[in-house]
Every structure is written in C-alpha cells, then in structure tokens.
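To keep things clear, I will list the structure first and then write my remarks on it.
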Amino acid sequence: MYSCKDGWIIDEAGRRLILRGVNLGGSSKMPLKPNGASYLKEGFYDYKDVSFVGRPFPLAQADEHFERLSSWGLRFLRFIVTWEAVEHAGPGIYDQDYLNYLRQIIEKAGHYGIGIYIDPHQDVWSRWTGGDGAPAWTLELLGFELKNLHASGAAIVHQESEPYPRMVWATNYNRLACASLFSLFYGGNRFAPGILMEGEPVQDFLQSSFTQAMVKVAHALAGLENVVGFGSMNEPTLGFIGCSDISKLERAMMRRGPMPSPYQAMLAGSGYSQRVDNWHLGISGNYRLGKAHLNPSRLSAWQEGKECIWKRLGVWDDAGGKPRLLRPDYFSAPGNLGDAFLKPFMLSFLKEIRAVEKKHLFFIEGVPNADHPSWGLTDPPNAVNASHWYDGLSLVTKRYQEFINADNRTFKPGFGPAGVRRVFRNAVSYWKNHVGGAMGGIPTLIGEFGLQFDINGGRAYLDGNFSVHERALDAYYQAMDANLLSATLWNYTADNLNQGGDHWNDEDLSIYSRDQGGARALKGFCRPYPLKTAGSPLRLSFIPRGARFEFSYLADPEITEPSEIYIPPCHYPQGQDIRIEGPEGSRAEFDAKNCIMRIYHPKAYAGVIGIRIFPVKSKKERG
C-alpha cells in the first residue's frame with residue numbers, strides 16, 4: 001500500500017512516486033440504462049429504475065481498455081463513482097448489481113498493474129440541476145419539483161436546452177437548486193435549523209446518506225490491493241454560505257449567461273420573474289451584456305403546497321404580494337470557510353471509510369479557486385491535496401490559446417508559446433506550493449486537467465490533424481513535469497464519439513474516441529516519466545521534438561529497490577539510448593514487456609543521479 005511522507009506519496013520500499021493516469025470515465029456521470037446522455041430528454045425524470053452497470057465500460061471490454069491504458073503509461077486512475085449510481089432508487093436502497101460490477105471491473109484493472117482511487121463525483125449537485133452526482137430524491141425530499149427547475153431558473157439543464165450554451169453548466173453553482181442543497185449539506189445545522197429530511201436535521205441526513213453510500217462502495221472493494229484510496233468529493237461548493245449580501249452576485253465560480261444574485265434566484269424559484277445581468281466571456285474576461293429575464297413563465301420551482309425554504313427561515317417574505325429581503329447577511333460567515341464547513345464533513349467521512357480500510361489514502365478537494373481546509377500534524381495522516389487545474393480560457397472558448405493566455409486565478413497574462421507555458425507552470429505551482437503548503441505540505445496530485453478535443457470547430461475530426469492538441473497537452477504536461485507532480489488527466493470515455501463527445505453537457509475531453517479508432521493526440525499525453533524514484537526527484541523534463549528526456553534525483557542510501565521510468569514506444573520506435581550520470585556501477589535494464597527502464601545505483605550511494613534518454617535513430621536517419 002501507499003503512504004505519504006515529506007510531501008510525497010511513497011511505496012512500501014520508500015520510493016517516491018509520480019502517479020500519472022487519467023479519469024475513468026467521462027460518461028460514468030450518467031446511467032447506461034436507459035441512456036443518460038445529457039442531450040436526451042426521454043426518461044430524464046424517471047430516475048428510480050436506472051442502472052450504471054457498464055460504466056465506464058462493460059466488463060467484457062475491460063481487458064481491451066485496461067491493456068490500452070497501461071500501454072500508454074496511464075497506470076493510475078481516478079475512478080468516477082456517483083452517489084446516484086449507488087443509491088438512485090431511494091434512501092437506503094443500494095444497487096447491489098452496480099456494487100458487484102464495481103468490484104469486478106476494478107479487480108480487473110489490478111491485473112494490468114493499474115492503481116485506483118475512488119472519486120465520489122458530482123458536478124453542480126445532480127443531473128437535475130445541470131450536472132451529476134446526487135440522487136433526484138434529495139431534491140424532492142426538500143420540496144423541489146424536478147420538472148420545473150429549468151423553466152423557473154433554478155437550474156440550467158442540457159436536457160431542456162437546445163442549443164446548449166457552451167460551458168454554462170458551471171453557473172448552476174450559483175442557481176437556486178444546487179446552491180440550496182450545498183448550503184444545507186455543509187451548513188444546514190447553522191443556516192437551516194428545523195428543516196428536516198426523513199425526520200432528521202437536513203445536514204445530518206444528507207451527509208450521512210452520502211457517506212453510507214460510499215461506505216457501501218468501500219465494502220464492495222475491500223481487500224483489493226490496487227485500490228489505494230478515496231477522494232472526499234469532487235469540486236464541492238458551499239452554496240450561499242459566505243455571501244455577505246445576497247442581493248449581490250458574490251462567490252461566482254463562473255459568470256456566463258443570465259446570472260441571478262442569491263436573492264433573485266430565490267424569488268425566481270418562487271414564481272417572481274426576475275430581470276438579471278447577462279454575462280459574456282471574451283478574450284479579456286467576463287463582462288455584462290445587457291439584461292435577461294429569469295423565469296418569464298412565473299413557474300414555481302417548488303412542489304405544489306411547498307414554499308421556498310429560505311422564505312420559511314425568514315430570509316425573505318412576500319407579505320401582501322410584494323417580496324422583501326429581510327436578512328441580506330443571512331449567510332455571512334467570516335473566517336476560514338474550508339475549516340468551518342468542509343473539514344468537519346471530511347473528517348467524519350474519512351473516519352467511516354477508514355473503518356473499512358484503514359490504509360486508504362485520502363484525496364482532499366476544496367472549492368475550486370476558493371475555500372480549502374487546512375491540514376496539520378494533528379489531522380489524520382496519508383492525506384493528498386487533489387486540487388484541479390485547467391487552462392480555463394481554452395476550456396471555455398474551445399480554442400487552444402497558445403499565443404496569449406492568462407492564469408485563471410490571477411489573470412496574469414503570458415504572450416507567445418513560451419510565455420503561455422510559463423503561465424501554466426506558475427499556475428500549477430500555486431496548487432502545489434501555496435494550497436498544498438497551507439495544508440501542511442501534504443503531497444499534491446492534480447486530480448483534473450485536460451483539453452476539449454473539439455477545439456477550433458472540430459477541424460481535426462475532418463482532417464485527422466491533432467498537432468494543435470498535441471502541443472496543448474505537451475504544454476500542460478510540461479507544467480506538471482516542472483513541478484514534479486502526480487496528475488490524472490480528464491478523461492477517458494470509452495463510448496466517446498465525435499458527435500456527442502463525452503455525452504455530458506457538450507464536453508469532449510476524452511483522449512480516446514471510437515471515431516478515431518483509439519487515441520487522439522497520443523504523443524501529447526503518452527510521455528516518459530519516473531513512476532518510482534529511489535530518492536528525491538530534483539528535475540524532470542521531456543521535449544517531444546527529438547524525444548529528449550531528462551531526469552535527476554538525489555539517491556536515498558536506505559532504498560534498495562531500483563528507480564523505474566516509463567518509456568513509451570510511440571516516442572522511441574527504434575529503442576532508446578540512455579545515459580546515466582552517477583557513480584561507477586550504475587546501470588539500466590529495460591523491461592520491454594512493461595515499457596519500464598529500471599535504474600540501479602550502488603548500495604548506500606547518497607549523491608545525485610542524472611538520466612538522459614534519447615531515441616535510437618533508424619538506419620535511414622543515420623544515413
């Protein structure tokens with residue numbers, strides 16, 4: 001099993017690990033039966049009788065996909081599991097067929113040397129609030145009417161929108177349904193006293209239900225050595241918590257399209273049509289583009305006979321038919337919100353998971369670009385900072401911006417390919433050194449990064465030229481290499497097609513597609529890297545042009561096992577020429593079957609080892 005030490009994930013031999021892999025898979029957010037692709041409305045509101053068995057792919061196809069992933073060097077997977085997949089039929093009703101399938105598919109991954117960590121995945125709470133994750137009954141128990149969420153402005157869902165505005169799904173974090181559920185999940189005891197679900201305080205019920213569903217997953221996978229840990233929750237948010245004045249739009253993860261303030265969202269959800277700011281994204285950032293109407297049909301997001309819970313709690317009222325905001329600062333919460341609201345849940349969740357398998361690593365995620373919990377010496381060990389990083393401008397515009405780009409967080413620009421790569425390196429460094437540092441210097445694994453493959457209008461699907469994609473992925477991986485980071489790329493979708501992409505909210509980030517017959521931009525993500533280092537890594541770089549790989553590390557005299565480097569055949573078709581700079585007696589052995597170069601140095605050596613790898617030239621190249 002793995003553990004954490006001195007800011008690194010290490011194996012039983014004490015070797016420091018750089019874990020490289022992919023998220024599996026993009027379509028695991030939706031049921032397979034019936035087809036839950038977000039562009040299909042049929043059956044969308046019939047949520048109980050669904051099945052996620054076969055996500056990420058049927059068991060009969062497992063050998064094909066795992067062999068491919070292993071050959072590409074993607075030997076560590078962030079495995080997507082949603083709460084809905086486990087408990088869709090109702091509270092306490094678990095899908096045992098899906099749990100059995102999970103064990104079979106993940107056990108199969110172990111046969112190919114593939115490590116796994118389980119990602120309890122959600123985006124903007126659920127499929128009925130524009131994303132994925134939680135079961136529909138969590139919304140219904142609160143009083144929401146699923147079929148009215150989109151029309152009332154409480155959510156934007158692809159199933160009700162055609163054409164679907166690009167990347168608009170993330171704005172649901174600020175809309176009524178998602179924001180209400182997350183406010184209750186993390187802060188119900190403080191902000192919603194007296195609000196019950198199934199007779200329990202709403203926060204306690206939601207957190208316990210989510211945790212017990214994932215405990216069922218942990219039990220299903222118990223004893224599988226290739227399962228190394230669990231994530232806390234993908235990209236959580238605090239909903240309205242932390243807003244100092246809900247009449248204003250604060251804490252927005254993304255501003256795109258019609259954007260209500262929390263108070264406007266509450267009113268629209270209760271049938272009061274709202275005129276809200278309409279936001280647009282340009283090369284220079286977000287800007288207002290006039291006004292838009294929210295809920296012009298004046299539908300209620302709430303079930304008949306139910307009313308807005310925030311009205312019930314005295315945040316606003318409409319006595320006399322005229323809405324009034326009574327408590328604009330109702331959700332104000334000073335201090336470290338990550339510690340106050342995220343961390344108590346994380347500690348409780350981890351306790352339950354480690355009661356099943358005490359050696360599991362714990363992959364922690366805070367609110368993207370916002371609140372993260374601290375993590376210190378008195379907190380549970382073997383925790384990993386699993387923050388995400390994306391080239392946001394390229395992600396949202398679906399054009400790779402390689403000549404001018406900017407940091408998502410600081411907006412500091414970079415010009416020209418070298419300047420853009422520098423922006424990426426510095427941006428990724430923040431998540432390791434600042435966020436990871438504030439969490440007690442725990443190891444960092446970038447849990448998500450990636451590229452939309454339908455960039456530039458999907459031109460590559462017509463001419464087969466993925467060179468721009470390769471350059472983009474190379475720039476992202478150079479940022480990971482420069483920071484000596486573990487990372488899992490988003491994503492591998494086994495049923496990806498050019499038309500429909502990853503089948504979720506018009507995203508198309510899969511490195512695999514049936515329409516390309518396999519990899520897309522293979523040389524961009526299939527790269528050499530050190531899997532296991534018998535010491536402390538110092539420097540890592542790979543330049544695809546010329547396939548020049550350089551790596552150095554400070555050898556640990558107490559480690560007797562060799563260092564291991566993955567060598568991809570796609571960059572070294574004729575073989576590789578390796579040069580070791582180190583003490584006399586250092587040597588390399590190549591395991592061609594597993595594409596692994598093993599580096600041995602004399603026992604008790606404590607100096608620097610330098611490794612350079614070049615491709616062997618063909619007879620034609622040698623002249």
Side-chain angles (χ1 to χ4, degrees), residues 1-21 75-78 113 115-118 225-232 343 346-347 350-351 353-354 357-366 372-387 428-447 480-488 529-540 551-566 598-601 603-609 611:
M1 296 297 290
Y2 296 160
S3 59
C4 299
K5 179 181 178 182
D6 299 331
W8 287 94
I9 300 172
I10 62 173
D11 68 3
E12 298 91 333
R15 290 176 293 187
R16 289 158 176 81
L17 308 179
I18 292 182
L19 303 171
R20 293 282 172 89
R75 298 176 181 180
F76 190 72
L77 304 181
R78 183 174 182 252
I116 299 280
Y117 92 85
I118 300 300
E225 293 185 1
N226 64 319
V227 179
V228 304
F230 265 75
S232 49
K343 190 171 181 178
M346 290 178 179
L347 291 172
L350 178 58
K351 182 179 179 180
I353 293 297
R354 284 190 174 165
E357 177 50 79
K358 64 181 180 179
K359 293 182 180 180
H360 274 329
L361 301 184
F362 187 48
F363 294 83
I364 299 172
E365 294 185 40
H372 285 68
S374 61
W375 209 263
L377 295 175
T378 59
D379 291 311
N382 296 327
V384 178
N385 165 31
S387 296
V428 170
S429 174
Y430 170 83
W431 295 108
K432 176 182 179 180
N433 296 319
H434 180 79
V435 175
M439 297 170 74
I442 62 177
T444 293
L445 176 145
I446 299 298
M480 304 301 160
D481 289 348
N483 287 284
L484 299 170
L485 278 172
S486 296
T488 47
Y529 69 95
L531 297 90
K532 304 174 182 180
T533 303
S536 300
L538 300 173
R539 182 177 180 274
L540 169 62
F551 176 58
S552 62
Y553 65 95
L554 180 64
D556 185 332
E558 297 183 2
I559 298 177
T560 57
E561 295 297 314
S563 297
E564 296 185 0
I565 300 171
Y566 167 72
R598 295 186 175 90
I599 310 298
Y600 297 84
H601 57 258
K603 293 181 180 179
Y605 178 69
V608 174
I609 301 288
I611 300 161

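- To the nearest 0.5 angstrom, Ile559 atom CD1 is 8.0 Å from Ser536 atom OG.
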(request) Test side-chain contact (heavy atoms from CB on, under 4.5 Å) on Asn483 and Ile446 and set out the steps. (result) CA-CA 11 Å; Asn483 287 284; Ile446 299 298; over 6 Å; no
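- Phe230 places none of its side-chain heavy atoms less than 4.5 Å from the side chain of Leu350.
- When every heavy atom of Pro562 is checked against every heavy atom of Ala534, the shortest pair comes out as C-CB, 4.4 Å.
- Scored by the ring pair (Phe, Tyr, Trp, His ring centres under 6.0 Å) test, Phe362 finds no partners at all (sequence neighbours excluded).
- Contacts of Thr560 classified as side-chain hydrogen bond (donor to acceptor under 3.5 Å, both in side chains), with partners at least two apart in sequence or in another chain: none.
- Legend: residues meeting side-chain hydrogen bond (donor to acceptor under 3.5 Å, both in side chains) with Thr533, ordered by chain and number and at least two apart, are absent.
- Listed by chain and number, the residues in a side chain to side chain contact (heavy atoms under 4.5 Å, CB included) with Glu561 are Ala13, Arg15 (sequence neighbours excluded).
- Looking at Phe76 and Leu17, their side chains never come closer than 4.5 Å, going by heavy atoms from C-beta outward.
- Taking every heavy atom of both residues into account, Ala487 and Met480 meet most closely at CB-SD, 4.0 Å.
- Although no hydrogens or angles enter the test, the distance criterion places a donor-acceptor pair under 3.5 Å between the side chain of Asn385 and the main chain of Trp431.
- When all heavy atoms are compared, the tightest approach of Gly366 to Pro373 is CA-CD, 4.4 Å.
- Contacts of Lys343 classified as salt bridge (Lys or Arg N to Asp or Glu O under 4.0 Å), with partners at least two apart in sequence or in another chain: Asp379.
- Partners of Tyr529 by ring pair (Phe, Tyr, Trp, His ring centres under 6.0 Å), not counting sequence neighbours, listed by chain and number: Tyr566.
- Thr488 places a side-chain N or O within 3.5 Å of a backbone atom of Gly447 that can act as its donor or acceptor partner.
- Between Trp8 and Leu484, the closest side-chain pair of non-hydrogen atoms falls below 4.5 Å.
- Residues satisfying the side chain to side chain contact (heavy atoms under 4.5 Å, CB included) test with Lys5, not counting sequence neighbours, are Ile10.
- Side-chain atoms of Glu225 never come within 3.5 Å of backbone atoms of Met1 as a donor-acceptor pair (strictly under, hydrogens ignored).
- A search for side-chain hydrogen bond (donor to acceptor under 3.5 Å, both in side chains) contacts involving Arg20 returns Asp481, not counting sequence neighbours.
- Nearest heavy-atom pair across Ala386 and Tyr117 is CB-OH, 4.0 Å.
- Note that NZ of Lys532 and CZ of Arg16 are 15.0 Å apart. Values are rounded to the nearest 0.5 Å.
- From Ser3, atom OG reaches atom CG of Leu361 across 7.5 Å, with rounding to the nearest 0.5 Å.
- Separation of atoms CD1 (Ile609) and CD1 (Ile599) is listed at 9.0 Å; rounding is to 0.5 Å.
- Between Asn382 and His360 the shortest side-chain heavy-atom distance does not fall below 4.5 Å.
- Partners of Arg598 under the salt bridge (Lys or Arg N to Asp or Glu O under 4.0 Å) rule, at least two apart in sequence or in another chain, are Glu564, Asp591.
- With Ser486 contributing its side chain and Leu19 its backbone, the two residues share a donor-acceptor pair below 3.5 Å.
- The shortest heavy-atom contact between Pro537 and Phe551 is CB-CE1, 3.8 Å.
- In this view, Ala383 and Ile364, Trp375, Ile442 satisfy the side chain to side chain contact (heavy atoms under 4.5 Å, CB included) rule, not counting sequence neighbours.
- In this structure, the side chain to side chain contact (heavy atoms under 4.5 Å, CB included) partners of Tyr430, at least two apart in sequence or on a different chain, are Arg409, His434, Val435.
- Taking each heavy atom of Leu485 and Thr444 in turn, the nearest pair found is CD2-O, 3.5 Å.
- Contacts of Arg354 classified as side-chain hydrogen bond (donor to acceptor under 3.5 Å, both in side chains), with partners at least two apart in sequence or in another chain: none.
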